[in-house]
Amino acid sequence: MNQNRQDLAVVGGGVVGICAALFAQRAGFDVTLIDPREPGSQTSFGNAGIVCGGHYVPTAMPRAPLEILKLALNQTTYACYRPAALPGFLGWLAAFWKESAPVNLYATAREALPAMAHTVALHRKLLNEAGAGELLRDTGWLAVFRSQQDFDAVRPELDFARDAGIPFDVLSMVEARLLEPNLNPVFECAVNWRANSSVSDPFAVSQAYLKLFRQAGGSVQQTSALSIQPHDDRWRVETRDGSHYCGQVVVAAGAWSMELLEPLGYRFPLKPKRGYHRHFAAQGNAGLARPVVDDAVGYVLAPMARGIRMTTGIELARIDDPVNEGMVQRVEPYARDLFPLAETLDDEVWMGRRPALPDSLPVVGPAPRHHGLWVDFGHAHLGLTLGPLTGLLLSQMLSGETPIVDPEVFSPRRYAG
Ligand SMILES: Cc1cc2nc3c(=O)[nH]c(=O)nc-3n(C[C@H](O)[C@H](O)[C@H](O)COP(=O)(O)OP(=O)(O)OC[C@H]3O[C@@H](n4cnc5c(N)ncnc54)[C@H](O)[C@@H]3O)c2cc1C
């Protein structure tokens, strides 16, 4: 039996798995990336393209009784659920509720600060290496608020950001329209989060990182991993096309990760928070210079290579439930009210699955009960942002180097016990 632990398989080729493969390769591992689909073609394909620099306060469950009632009645624009899927979410929702308490939310945000400080620079470095630096734009992003009450709800986040030294500007509607003249005057005020960047084509970003991996000799197997099993002191990844043996395995299969880990006894509370997008042309010469988030309504208008990408909030549904066009239809009138959208550019809406753990941060590191098994999933709303950082961090843990940030914030032990 080959005792070489330098060969490693990464299962799952979204932006997270691609980055894990790339950095493991750079740390000296002989890496095979396994995915049945085109790498980068799933959730990583269709996000809003925001690379959060500086800080991130996790998405939270509302605590105001009226808002909870609206959620329960499926009457909000930022989230919805499929009744048939609800029983499968009850445990997750209870944990999410606990994590949504302001004290927990801001504790998580504080712990994540060191990691968030590296996100933009890592993307810039990799994209420049790939000759695709133009994909990353130092745009910041703009949150707009349609009422003073909506703005007041984010004051705790502003206080947190101020304390953490994160740069932002609170703008009147008139000031915001100097930055984005094509926004209609339907909002009261805005916050310009300056430390953030955005990309013009998230799929092209994944492709650029995959190109770097391939150019350095990385291998991609287009097949589905059916199971992962210890095999003597190595691992066997059983695929649709035969067995793949390797010294170590990284599970980076996004929202599908538990299909491979459950048979090994793991119970990470991972659920798909599904989200949608549709592209639109803009009327006349209208355009946006940066992603705009209609905060309380809960959608994003992001300027992309293809057009204006409108992305939605959260749908709690089973991973393979049919697409729900209603999510897009609910926010489109608000988007048209805010910005002069013209015709849609897509025949169908796109749907992706944010792989979400209750505290909204991923698990990155050694799987608690198996030697040579590693996890890198659960990036929820931050997979584009954190893909390179978590890939680098994992590679440093794999090779015993000093990690770029304390990996404890992403410790798999916080869930697996
Ligand atoms: C509407 C929307 C907007 C978003 N906006 C942003 C944003 O602005 N900024 C940001 O940072 N993040 C954003 N996100 C989140 C981000 O897109 C995700 O966190 C990220 O794409 C997750 O990447 P991933 O690689 O973990 O998953 P995926 O991209 O889903 O990749 C998982 C891969 O695993 C593969 N796989 C599954 N099962 C197997 C198997 N058995 N064997 C082998 N391979 C397998 C799949 O084929 C897939 O390619 C958004 C998400 C959505 C839905």
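Residues: numbered from 1 along the sequence shown. We count ligands from 1, going down the list as the structure has it; atoms in each ligand are counted the same way.
Salt bridge present: Glu315 and Arg82 bring a charged side-chain N and a carboxylate O closer than 4.0 Å. A salt bridge is absent between Arg278 and Asp347: the closest approach of a Lys/Arg side-chain nitrogen to an acidic carboxylate oxygen does not fall below 4.0 angstrom. Glu129 has a carboxylate O that lies under 4.0 Å from a charged side-chain N of Arg26, or vice versa, which qualifies the two as a salt bridge. Ion pairing between Asp138 and Arg194 fails under the 4.0 Å rule for side-chain N and carboxylate O. Salt bridge annotation for Arg353-Asp321: absent, with no cationic side-chain nitrogen under 4.0 angstrom from a carboxylate oxygen. With salt bridges taken as basic N to acidic carboxylate O contacts below 4.0 Å, none links Asp295 and Arg146. With salt bridges taken as basic N to acidic carboxylate O contacts below 4.0 Å, none links Glu332 and Arg330.
Assignment of Gly49 to the shell around ligand 1 is supported, since a heavy atom sits closer than 4.0 Å. Within the 4.0 Å heavy-atom shell around ligand 1 one does not find Glu259. In this structure, His277 does not count as a contact residue of ligand 1, since none of its heavy atoms falls inside 4.0 Å of the ligand. At least one heavy atom of Tyr276 sits closer than 4.0 Å to an atom of ligand 1.
A cation-pi contact links Arg37 to Trp256, judged by a cut-off of 6.0 Å to the six-membered ring centre and 45° from its axis. Judged by a 6.0 Å distance limit and a 45° cone about the ring axis, Arg63 is positioned over the six-membered ring of Trp97.
The distance from atom CD of Gln248 to atom CD of Gln6, rounded to the nearest 0.5 Å, is 7.5 Å.
Looking at Asp376, Thr311, Thr312, Asn47 and measuring to atom 50 (C) of ligand 1, the nearest heavy atom belongs to Asn47. Of the candidates Gly12, Ala255, Ser41, the one placing a heavy atom closest to atom 34 (O) of ligand 1 is Gly12. When the heavy atoms of Ser44, Ala253, Gly352, Gly40 are ranked by distance to atom 29 (O) of ligand 1, first place goes to Ser44. Considering Arg37, Met351, Met310 only, the shortest heavy-atom separation from atom 47 (O) of ligand 1 involves Arg37. Of the listed residues (Tyr56, Trp350, Trp256), the one carrying the non-hydrogen atom nearest atom 38 (N) of ligand 1 is Trp256.
The closest side-chain heavy-atom distance from Trp193 to Phe168 is below 4.5 Å. With a 4.5 Å cut-off on side-chain heavy atoms, Ser257 and Leu260 do not count as touching.
Not a single N or O atom of Val11, backbone or side chain, sits closer than 3.5 Å to an N or O atom of ligand 1. Looking at Thr385 next to ligand 1, an N or O pair under 3.5 Å apart turns up.
Counting heavy atoms closer than 4.0 Å to ligand 1, residue His381 contributes backbone atoms (N, CA, C, O) but none from C-beta onward. Contacts of Leu384 with ligand 1, taken as heavy-atom pairs under 4.0 Å, involve both backbone and side chain. Of all the heavy atoms of Ala380, the ones lying under 4.0 Å from any atom of ligand 1 belong exclusively to the backbone.
Listed by number with element, the atoms of ligand 1 under 4.0 Å from a non-hydrogen atom of Ala225 are 40 (C), 41 (N), 42 (N), 43 (C). Near Asp35, the atoms of ligand 1 lying under 4.0 angstrom from a non-hydrogen atom of the residue are 33 (C), 34 (O), 35 (C), 43 (C), 44 (N), 46 (C), 47 (O), 48 (C), 49 (O). Residue contact check: Val15 has heavy atoms under 4.0 Å from atoms 25 (O) of ligand 1. Counting the atoms of ligand 1 from 1 in the order shown, those under 4.0 Å from a heavy atom of Ile50 are 7 (C), 8 (O), 9 (N), 10 (C), 11 (O). Of all atoms in ligand 1, numbered sequentially from 1 with element shown, those under 4.0 Å from a heavy atom of Ile34 are 43 (C), 44 (N).
Of all protein heavy atoms, the one lying nearest to atom 20 (C) of ligand 1 is Gly383 CA, 3.7 Å. At the top of the distance list for atom 27 (O) of ligand 1, counting protein heavy atoms only, stands Gly254 CA, 3.8 Å. Protein heavy atom nearest atom 22 (C) of ligand 1, with residue, atom name and distance: Pro355 CD, 4.0 Å. Atom 30 (O) of ligand 1 has as its closest protein heavy atom Thr43 OG1, 2.8 Å. When hydrogens are left out, the protein atom nearest atom 44 (N) of ligand 1 is Pro36 CD, 3.3 Å; that is the closest non-hydrogen contact. Nearest protein heavy-atom contact of atom 5 (N) of ligand 1 is Ala48 N, 3.0 Å. At the top of the distance list for atom 1 (C) of ligand 1, counting protein heavy atoms only, stands Arg354 NH2, 3.4 Å. The nearest protein atom to atom 31 (O) of ligand 1, hydrogens excluded, is given as Gly14 CA, 3.3 Å; this is a heavy-atom distance.
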Assess whether ring-ring contact (aromatic ring centres under 6.0 Å, His included) is satisfied between Tyr266 and His370, documenting all intermediate values.
-> CA-CA 10 Å; Tyr266 290 97; His370 292 87; 5.5 Å; yes
Walk me through it: do Trp235 and His371 pass the test side-chain contact (heavy atoms from CB on, under 4.5 Å)?
-> CA-CA 10 Å; Trp235 287 89; His371 188 58; over 6 Å; no
Are Arg306 and Phe280 close enough, and set up right, to give a side-chain contact (heavy atoms from CB on, under 4.5 Å), and what steps lead you there?
-> CA-CA 8 Å; Arg306 179 163 166 72; Phe280 296 88; over 6 Å; no
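Partners of His279 according to the ring-ring contact (aromatic ring centres under 6.0 Å, His included) rule, which considers only residues two or more places apart in sequence or in another chain, are His277.
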